[in-house]
Amino acid sequence: MTRRFLFVLGSARPDGNTERLARRAAEQLPPDVEQEWIRLADHPLPDFLDIRHDGIVGAVQPTENDTIRQLLDATLAATDIVIASPVYWYSLSGLTKRYLDYWSDWLRVPGADFRATMAGRTLWGVSALADDEPVVADPLIGTLNNSAAYLKMRFGGVLLGNGSAPGDVLKDTEALTRAKTFFAQDTPLARFPTP
Ligand SMILES: Cc1cc2nc3c(=O)[nH]c(=O)nc-3n(C[C@H](O)[C@H](O)[C@H](O)COP(=O)(O)O)c2cc1C
């Protein structure tokens, strides 16, 4: 199967550090790897409604909504999903979190076979943060790792870069070096952390 990377951009501003770092990493992908880039801010998802237990069979959010359908189809078509979210309050941005909330609903979309389709595919993370201590991004990394484990996906880890104002990350030479080989790494099946 041809590899197809979906880059889900979750920053609340265009051309920020996260996107720039993700583009640096993506430059290294071989030309036969397909790439799709979606900026969530340009495709606003409606508020997520949790009506799983209201007795409705199948999808609960309106999949006739173009944005939801586009994101669902792009997600199902990707062998590799790259969550490119800045660190907001130590975790994912709100835009990104909302996209992940929809995964819960897509498990119930008739015919989508979301759980079976995602199993064995790879989740990656790219993120930027202002703090000098990368350890503060552990909640973001844990969220992505555990989400991948829940869906029996592979997990490629999170490429972290430092920066506050847009473009700062281009001064983080260690992150730029890591970006060169990031997508060439092994991607083991994700596991929940052991107590
Ligand atoms: C709402 C909000 C919350 C943030 N929370 C954190 C944080 O918890 N830790 C941190 O190091 N930086 C935090 N930042 C700074 C951003 O992570 C930083 O500016 C990053 O470079 C933004 O990435 P972007 O340019 O891709 O949007 C926050 C920024 C915003 C707007």
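Atoms within each ligand, like the ligands themselves, are counted from 1 in listed order. Basis for what follows: all heavy atoms, side chains included, without hydrogens, waters or symmetry-related copies.
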In the protein, what heavy atom is nearest to [atom], and what distance, to one decimal place, separates them?
atom                    : result
atom 23 (O) of ligand 1 : P86 CB, 3.3 Å
atom 5 (N) of ligand 1  : W89 N, 2.8 Å
atom 26 (O) of ligand 1 : T18 OG1, 2.7 Å
atom 15 (C) of ligand 1 : A130 CB, 3.9 Å
atom 8 (O) of ligand 1  : Y90 N, 2.9 Å
atom 19 (O) of ligand 1 : S164 O, 3.0 Å

Between W124 and F182, ring centroids under 6.0 Å
yes
Is a salt bridge present between [X] and [Y], judged by a nitrogen-to-oxygen distance below 4.0 Å?
X    : Y   : answer
D32  : R4  : no
D80  : R3  : yes
K180 : E27 : no
R98  : D47 : yes

Testing W103, W106, Y102 for ring pair (Phe, Tyr, Trp, His ring centres under 6.0 Å) with F48, which one passes?
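Between F48 and the candidates, ring pair (Phe, Tyr, Trp, His ring centres under 6.0 Å) is satisfied uniquely by Y102.
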Heteroatom proximity flag, [X] to ligand 1, N/O under 3.5 Å:
X    : result
E19  : no
Y88  : no
G163 : yes

Show the numbers, then the answer: is there a ring pair (Phe, Tyr, Trp, His ring centres under 6.0 Å) between F5 and W37?
CA-CA 8 Å; F5 275 61; W37 294 73; 9.7 Å; no
Nearest option to atom 17 (O) of ligand 1, as decided by whichever heavy atom of N162, V87, D168 sits closest
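It is V87 that holds the nearest heavy atom.
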Closest to atom 11 (O) of ligand 1 (judged by heavy-atom distance), picking from D15, L21, D131, L140
D131
Atoms of ligand 1 close to S11 [distance to a heavy atom under 4.0 angstrom, numbered from 1]
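Counting from 1, the qualifying ligand atoms are 24 (P), 26 (O), 27 (O).
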Atoms in ligand 1 with a heavy atom of N17 nearer than 4.0 Å:
21 (O), 24 (P), 25 (O), 26 (O)
Quick one: does NZ or CZ of R39 land under 6.0 Å from the six-membered ring centre of F7, within 45 degrees of the ring axis?
no
Between ligand 1 and P166, can you find any atom pair, the residue atom being a heavy atom, that is separated by under 4.0 Å?
no
T75 and Y99 side chains, donor-acceptor separation under 3.5 Å:
yes
